[in-house]
Amino acid sequence: MQAEQARTKAPRYAAICESFATDERIAALIEDPPRWDAPLRVMSALHYLVLAGRASWDDIDTALVEHADFLRRHIAQQGVQTNEVQRCWSLLPCFLEVAHRTGAAVFDVIELGSSAGLNLGWDSYRYEYAAGTWGPADATVAFTGEERRPVPAHLLTLAPVVRTRTGVDLNPIDLTTDHGIHLLKSFIWVGQDDRLARLDRAIGALRDNPPEMIAGDLADVLPVLLANRATDALTVVWQTAVLGYLPEQRRELVLQTLAEAGAVGPLAFISTSSANDGSHLYYGLTIQLWPSGERVQVAHADWHGAFIDWLPADQRTADDAVIAF
Ligand SMILES: C[S@@+](CC[C@H](N)C(=O)[O-])C[C@H]1O[C@@H](n2cnc3c(N)ncnc32)[C@H](O)[C@@H]1O
């Protein structure tokens, strides 16, 4: 599965994953039965060693022998911990769609599973779409991507102001340390050098302007944040690639927390979801707004934000099953 998803984007990563699938030395390092994200944790463990200069992709055999203890520990204890800043490119139109639909000019934003917090600075980055640009022209982090169906021009004229930004993560990554930087980079697929370079630029930007980060379980922290939210700005909660890691009951609790808070006052939720056309090769991007509670899938998007497909009105269904990833 992991090899299949990576084959076109990171052939070397895919080939290594494929060879590991039948490698008994790898099977001995992971839990039995393996959890779905075991390949991600195995690849991260090796990549961490490579980034730290302690192993080489050209000699995996030696790494498996010399660093078996580290590998076993990392694979068992280290949860998947990426922070893909290119996702901002597919998220921005969703933030703007929220501004369009609600008329809100000021946002208080909360990111669930914010990892190192890089995407909390989405409004400080520069974006390019077919219909125009958005964000400061002198930003050090700039994004472009493939538009399968274009982001509408009218959205790019909106400029909601982010008043407060809060991230919640079980293990916020501290990007002021080499360990934090190596850890974050270790989950990037081998060979995706453009992602590594973009990450370096985003790390520089975050160090200049760090967001507020709360260490904790989002299902426990969210009710507190929502109960204390201000009423003179729209609270916009979002998650990308996080809820799928929660047990179903905890995920349901999060959705229930949002619905209960939405019943009390306006609220927006943006979420990566399963695509409403049944494809398993990309995400759906779903927006839910309260007080109406209306849920709409506005786009399909690449796992890591490389493409967006902005859906026409007649393809925007979003049933209860979609908020899953
Ligand atoms: C795959 S990463 C995605 C990070 C980020 N949202 C992005 O799109 O780049 C998943 C993140 O969710 C966090 N996470 C997983 N379960 C969590 C929970 N119950 N509460 C808070 N954070 C959680 C992990 O620590 C990790 O940082």
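The structure displayed is predicted, hence computed values, not measured ones. Counting starts at 1 for both ligands and their atoms, in listed order.
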Distance to 0.1 Å, residue and atom name: give those for the protein heavy atom nearest to [atom].
{"atom": "atom 9 (O) of ligand 1", "value": "E84 N, 2.7 Å"}
{"atom": "atom 13 (C) of ligand 1", "value": "D169 OD2, 3.2 Å"}
{"atom": "atom 20 (N) of ligand 1", "value": "L218 N, 2.9 Å"}
{"atom": "atom 14 (N) of ligand 1", "value": "V242 CG1, 4.1 Å"}
{"atom": "atom 4 (C) of ligand 1", "value": "T82 O, 3.0 Å"}
{"atom": "atom 5 (C) of ligand 1", "value": "G113 O, 3.3 Å"}
{"atom": "atom 19 (N) of ligand 1", "value": "D217 OD1, 3.2 Å"}

[X]-[Y] aromatic ring centre distance below 6.0 Å:
{"X": "H304", "Y": "W189", "value": "yes"}
{"X": "W290", "Y": "F269", "value": "no"}
{"X": "W89", "Y": "Y129", "value": "yes"}
{"X": "H300", "Y": "F307", "value": "no"}
{"X": "W36", "Y": "Y245", "value": "yes"}

Those atoms of ligand 1 less than 4.0 Å from some heavy atom in S115: 4 (C), 27 (O)
Per-atom contacts, ligand 1 versus G216 - under 4.0 Å to a heavy atom: 20 (N), 21 (C)
Strictly by modelled atom types, are [X] and [Y] linked by a side-chain donor-acceptor pair under 3.5 Å?
{"X": "D277", "Y": "S279", "answer": "no"}
{"X": "S115", "Y": "D169", "answer": "no"}
{"X": "T177", "Y": "D174", "answer": "no"}
{"X": "R126", "Y": "T133", "answer": "yes"}

Nitrogen or oxygen atoms of A241 and ligand 1 under 3.5 Å apart: no
Nitrogen or oxygen of T240 less than 3.5 angstrom from that of ligand 1: yes
Proximity of L246 to ligand 1 by residue part, where a heavy atom lies under 4.0 Å: side chain
Structural part of E111 in contact with ligand 1, heavy atom criterion under 4.0 angstrom: side chain
Per atom 26 (C) of ligand 1, closest listed option by heavy atom (Q81, H304, R87): Q81
Option set L112, L91, L170, criterion heavy-atom distance to atom 22 (N) of ligand 1, minimum: L170
From Y125, W134, W122, residue fulfilling ring pair (Phe, Tyr, Trp, His ring centres under 6.0 Å) relative to F143: Y125
